[in-house]
There are 2 protein chains.
Amino acid sequence: MSEQVAAVTIREVAAAAGVSIGTASKALNGRGKLREETRARVAAVAEELGFRPNAMARGLLSGRTYTVGLVSCDSFGRFSIPVMLGVEDALGAGQISVFMCDTRDDPIREQHYVERLLARRVEGIIVTGRRTEPRPSIGTDLPVPVVYAMTRSTSDSDFSVIPDDLGGGALVARHLLATGRSRIGHVTGPRRFEAARRRAEGMSSALAQAGLRSAGEPLFGEWSEEWGRQGADILLRAHPEVDAIFCGSDQIARGVCETLRDRGRRVPDDVALVGFDNWEPMATGCRPPLTTVDMSLGEIGRVAAEHLLGAIGGAPRPSGVLTVPCGLVLRESSRANPT
Amino acid sequence: MSEQVAAVTIREVAAAAGVSIGTASKALNGRGKLREETRARVAAVAEELGFRPNAMARGLLSGRTYTVGLVSCDSFGRFSIPVMLGVEDALGAGQISVFMCDTRDDPIREQHYVERLLARRVEGIIVTGRRTEPRPSIGTDLPVPVVYAMTRSTSDSDFSVIPDDLGGGALVARHLLATGRSRIGHVTGPRRFEAARRRAEGMSSALAQAGLRSAGEPLFGEWSEEWGRQGADILLRAHPEVDAIFCGSDQIARGVCETLRDRGRRVPDDVALVGFDNWEPMATGCRPPLTTVDMSLGEIGRVAAEHLLGAIGGAPRPSGVLTVPCGLVLRESSRANPT
DNA sequence: ATGAAAGCGCTAACAT
DNA sequence: ATGTTAGCGCTTTCAT
């Protein structure tokens, strides 16, 4: 229960062990030539006193901080979180600590944070977001490498890691075709979102490859359940023959699902339903549970962190855009029709 | 586009400005007596060179790091995030940076992170979680103050900030009574969750105060939509007279809502519905939009951070449990019945 | 095998 | 008004 007032320094450890500071340092770091007995004694004293080497002093000397900054432009939202976990996975093991900051979508605040991170001598910066649209670079001449994850920089010299929305859309189309569907509609988010456009595009291309077309044009709207309900209504009216609906998000799929039930269409018997995001509570809460696309956000975080580590380690700074493949999570809403 | 290889030191600034290191330091920090011209020149050179004082060197000297550690036991989940944002609000302004770590619910990992944070000389630690159940302390004799937010330590000497679930339950009951409901059922999460028990208790007490009893015993189950569907079925069978249902979470409320519709009960005309969490996408996606309790997670984070700052600033370390009041977010699902 | 001393980047006293 | 110096806690030569 003894509450230490100040942190223990190596000087105190050395004194208590009756050795010089230098010797204590060597003992604790397994360096140099020391008697086994000395090492043990110093170690014991350090343990006893609760000594922890001061990372700042070490950093000052080594010129390294073993820290990186994470700048979130998502209010640490639904998309940033898994990315953060992936980042932590990749960095934590390597003794690298992460400074977190959230910009609240405010450029001033963002610049302020970047300054602060640089003053703290982070060795690299990861910028996360929730949209794949290019956003202004946080700086092209920063003294440390920067990687964008789940967001993209406008600058070609920056490096971004984003999900493969195109591939995700194609994945769904192929799955639906393979399970016997052929009249496939699409209800998705606002057209101004690149993600919405590319998911739709991925689906159309895959259908085209099979010599098919979608049931009507993609219906662009909002990323909400309410739009899902409306969109499904529109789709069913215009194309009552649909036997599958691919939705641009799980939320939209929930709305679509509700309208389908209201209209007496059974899922998946009459109409197969597929969402996007694999947002667990949404997807598993759906009745029936929702087949959906997983953007591998954790993987995006890991890949981003690994590239950052590489650049920190001296590898040439990467640039351009890297896409990470999506996965399909099969649940009941798209079960193959026995017919 | 010049990519600086190493960070600029004050020594280089001083040299470039033709002054001594000490003078440069004073100029940049507005200390001492210097000619205005000198100050300006140094400032200009520093700006030009992109000088940023090394926070580690400063920290070593001042004995302060202006950092705190945030240990999340929630995989940065739904509950931790808003808390984190609140923490950042309160700390960011004061130039304090936050190291983030997530334990993945692994005690070994947790201990490891705490060690690392202490080695980095954080000035305090905030532990976040997703349950109000007491959890083992991360250490009662740490050299820095610790505050638990949205989780609670078993140790009396620790300080925890948690939501007022009891008050939240009472809030809902009073709201329902005030809007003309009197036969109120309750469907909630597992009984082993203190949050579930206290929300139920808060509701019963408030009802008792009004001389009423709830429609049957609280139905404890799971934190899922599926359980909400089942629970509503059970409740409707046993108490077909219910005119309001209070749910232990928004997810449960979604499930309840579905069953109500399936059974032909209109919300809110026949039955008022109230959730808990104010999980926006869930609550607003509901048809009709869901009245629900907001746990003021951001406020919990802010309060936790403020107490931590106080302790860092020399105030006596707080202890015990502080509850933060919940708020009620009114939406359509509990609109007063015109009858 | 151990100790002494220099120095990482910076600030604050003390000299000039 | 400016320069010089000591020292924060540590590691790493270089002496002993």
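Each chain gets a letter, A, B and so on, in the order its sequence line appears, and its residues count up from 1. Excluded from the calculations below are hydrogen atoms, water molecules and symmetry mates; all remaining heavy atoms, backbone and side chain alike, are included. All figures in this text were calculated on a predicted structure; none of them were measured in a lab.
- DNA chain D is contacted by both B:A57 and B:L34; B:L34 maps to the nucleotide lying nearer its 5′ end (nearest heavy atom per residue).
- One atom, CZ of B:R35, and another, C1' of D:dT2, lie 9 Å apart when rounded to the nearest Å.
- In this structure, B:R64 forms a cation-pi arrangement with B:Y66, its terminal cationic atom sitting closer than 6.0 Å to the ring centre and no more than 45° off the ring axis.
- Nearest approach of A:E133 to A:T151, heavy atoms of both residues: O-OG1, 4.2 Å.
- Taking every side-chain heavy atom of B:S20 into account, D:dG3 is the closest of C:dT11, D:dG9, D:dG3.
- Side-chain atoms of B:K26 lie closest to C:dC14 of the nucleotides C:dC10, C:dC14, D:dG9.
- Between B:R31 and C:dT11 there is no side-chain polar atom (N or O) within less than 4.0 angstrom of OP1 or OP2.
- As rounded to whole Å, 13 Å separates atom P of D:dT13 from atom CG of A:N29.
- In terms of position on DNA chain D, the residue among B:L61 and B:A24 whose nearest nucleotide sits closer to the 5' end is B:A24.
- A side-chain N or O of B:R120 and one of A:S97 form a donor-acceptor pair less than 3.5 Å apart.
- Classified by interplanar angle (parallel below 30°, tilted 30° to 60°, perpendicular above 60°), the ring pair B:F159/B:H307 is tilted.
- Whole-Å rounding puts the A:E36 CD to C:dT2 P distance at 11 Å.
- Contacts of residues 9-17 of chain A with DNA chain D (heavy atom under 4.0 Å): A:T9, A:I10.
- Using a 4.0 Å heavy-atom criterion, one finds that B:S62 contacts no nucleic acid atom at all.
- For A:M150 against A:I300, the heavy-atom pair with the smallest separation is N-CG2, 4.0 Å.
- Using a 4.0 Å cut-off, no side-chain N or O of A:R58 falls inside it from OP1 or OP2 of D:dG9.
- Phosphate proximity of C:dC8 to B:N54: absent, as no side-chain N or O sits under 4.0 Å from OP1 or OP2.
- The phosphate of C:dC10 has neither OP1 nor OP2 within less than 4.0 Å of any side-chain N or O from B:S25.
- Between the CE atom of B:M56 and the P atom of D:dT11 there is a distance of 14 Å, rounded to whole Å.
- For A:V19 and B:L60, each mapped to the nucleotide of DNA chain C holding its nearest heavy atom, the one lying further toward the 5' end belongs to A:V19.
- Of all non-hydrogen atoms in A:V114 and A:L142, the two that sit nearest each other are CG1-CD1, 4.2 Å.
- Distance A:L28 CG to D:dG9 P: 16 Å, rounded to the nearest Å.
- Separation of atoms CD1 (B:I126) and CD1 (B:I138) is listed at 11.0 Å; rounding is to 0.5 Å.
- The residue among A:I21 and A:R39 whose nearest nucleotide of DNA chain C lies closer to the 5′ end is A:R39.
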